[in-house]
There are 2 protein chains.
Amino acid sequence: MKANHAVIALSALAQDHRLSAFRLLVQAGPDGLPAGQIATQLDIPNSSLSHHLAQLAEAGLVHQRRDGRSLIYSADFAAMRGLVDFLTENCCGGGDCETTAMPMETRQP
Amino acid sequence: MKANHAVIALSALAQDHRLSAFRLLVQAGPDGLPAGQIATQLDIPNSSLSHHLAQLAEAGLVHQRRDGRSLIYSADFAAMRGLVDFLTENCCGGGDCETTAMPMETRQP
DNA sequence: CGAACATTTCGATAAATATCGAAATGAAAG
DNA sequence: CTTTCATTTCGATATTTATCGAAATGTTCG
């Protein structure tokens, strides 16, 4: 991932409605959700949501597919992972570093 | 982490210079770097950088300490991890989900 | 084909943000 | 205590962004 692309992805997530939409899609899993359902759950006008979904799609964080007359959006998990990896890349100079070495699943809060 | 806080943190990272500064600090590790040195490496005026560092600090992603006449900034690794966890929270409905279960260290590119 | 439906594009306005030089703050050294 | 140095605050400008209604696009069904 290039820094420029990371900024685009982070900007896409750095907004209330877009972050909520993305998290809905992350939780929905690979099946995704139709645009209208997202708009309903977030309680914002379709036109506003469409703008936001386009921005997430442009950043490569979500994808669109058609099902009947609905457009289904789904999260791109690989893109999300790539972004996370970019943030922690070469952490602490690249040597062993207990601050990031702990796998997500075994972390203590 | 609350959604509102996540948006603040993501906004802080969603900018060229701030993302570069943050990554410099991530790579520098717990010792951090003085503000002036960051400004030099990024080749931006001190006043601009100061604005950006303040925003990162407000988001809780970096901390400031004084050393002589320099102000040393360092990344907050726990905050970064909290943000990442928030993004992937309850992924795919909370069930097992191979898309995020792979620990960062063992991922294949 | 024509009506009903889901979503996007357009256009206009309001609000937030990045930028940088100049002046101000605060700490150290002579 | 005055000078020097590192950094921040101020102020002003230009750019980007969020918002939403209305109109347009593309799809299905009768």
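Chain letters run A, B, ... following the sequence lines, proteins first, then strands; residues in each count from 1. All values reported here derive from a predicted model rather than from experimental measurement.
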### Task
Have a look at the helix from C:dC1-D:dG30 to C:dG30-D:dC1 and give the angle its two end axes make, five pairs each, rounded to 10 degrees.
30°
Provide, to the nearest angstrom, the distance between the [atom1] atom belonging to [X] and the [atom2] atom belonging to [N].
X	N	atom1	atom2	result
B:Ile38	D:dT7	CD1	P	9 Å
B:Asp67	D:dC5	CG	P	18 Å
B:Arg69	D:dT3	CZ	P	15 Å
A:Glu58	D:dT17	CD	C1'	14 Å

### Query
Is A:Gln64 touching bases, backbone alone, or none of the nucleic acid, heavy atoms closer than 4.0 Å?
sugar-phosphate
### Query
So what does B:Gln55 hit on the nucleic acid, given a heavy-atom distance under 4.0 Å: a base, only sugar-phosphate, or nothing?
sugar-phosphate
Exam field: side chain [X] to backbone [Y], donor-acceptor pair closer than 3.5 Å:
X	Y	value
A:Thr40	A:Gly36	yes
A:Ser70	A:Arg66	no
B:Arg23	B:Arg18	no
B:Ser20	B:Asp16	yes

### Message
So for atom CD, which belongs to B:Glu89, do other residues, nucleotides or ligands contribute more than 12 heavy atoms lying within a distance under 6.0 Å?
### Response
yes
### hydrophobic_cluster_shared for A:Ile8 and B:Val7, side chain cutoff 4.5 Å
no
### Query
B:Gln64: what forms a side-chain hydrogen bond (donor to acceptor under 3.5 Å, both in side chains) with it, not counting sequence neighbours?
B:Tyr73
### Summary
Between A:Phe77 and A:Pro30 the two heavy atoms that sit nearest each other are CE1-N, 4.2 Å
### Message
Could you tell me the boundaries of the chain B footprint on DNA chain C, defined by atoms under 4.0 Å from its heavy atoms?
### Response
C:dA18 to C:dA29
## Note on the structure
Within residues 6-28 of chain B, the residues having a heavy atom closer than 4.0 Å to DNA chain C are B:Gln15, B:His17, B:Arg18
### Message
Measuring from atom CG of B:Leu25 to atom CG of B:Leu61, what distance do you get when rounded to the nearest 0.5 angstrom?
### Response
10.5 Å
### Message
I need the B:Leu71 CG to B:Arg65 CZ distance, nearest 0.5 Å.
### Response
10.5 Å
## Note on the structure
Between B:Phe86 and the options B:Arg81, B:Met1, B:His5, the side chain to side chain contact (heavy atoms under 4.5 Å, CB included) test singles out B:Met1
### Task
Give me the residues of residues 44-53 of chain A where at least one heavy atom lies under 4.0 Å from an atom of DNA chain D, by number, or none.
A:Pro45, A:Ser47, A:Ser48, A:His51, A:His52
### Message
Please enumerate all residues that pass side chain to side chain contact (heavy atoms under 4.5 Å, CB included) together with B:Ser50, with sequence neighbours excluded.
### Response
none
### Task
Would you mind reporting whether A:Thr88 and B:Val26 have side-chain heavy atoms less than 4.5 Å apart?
no
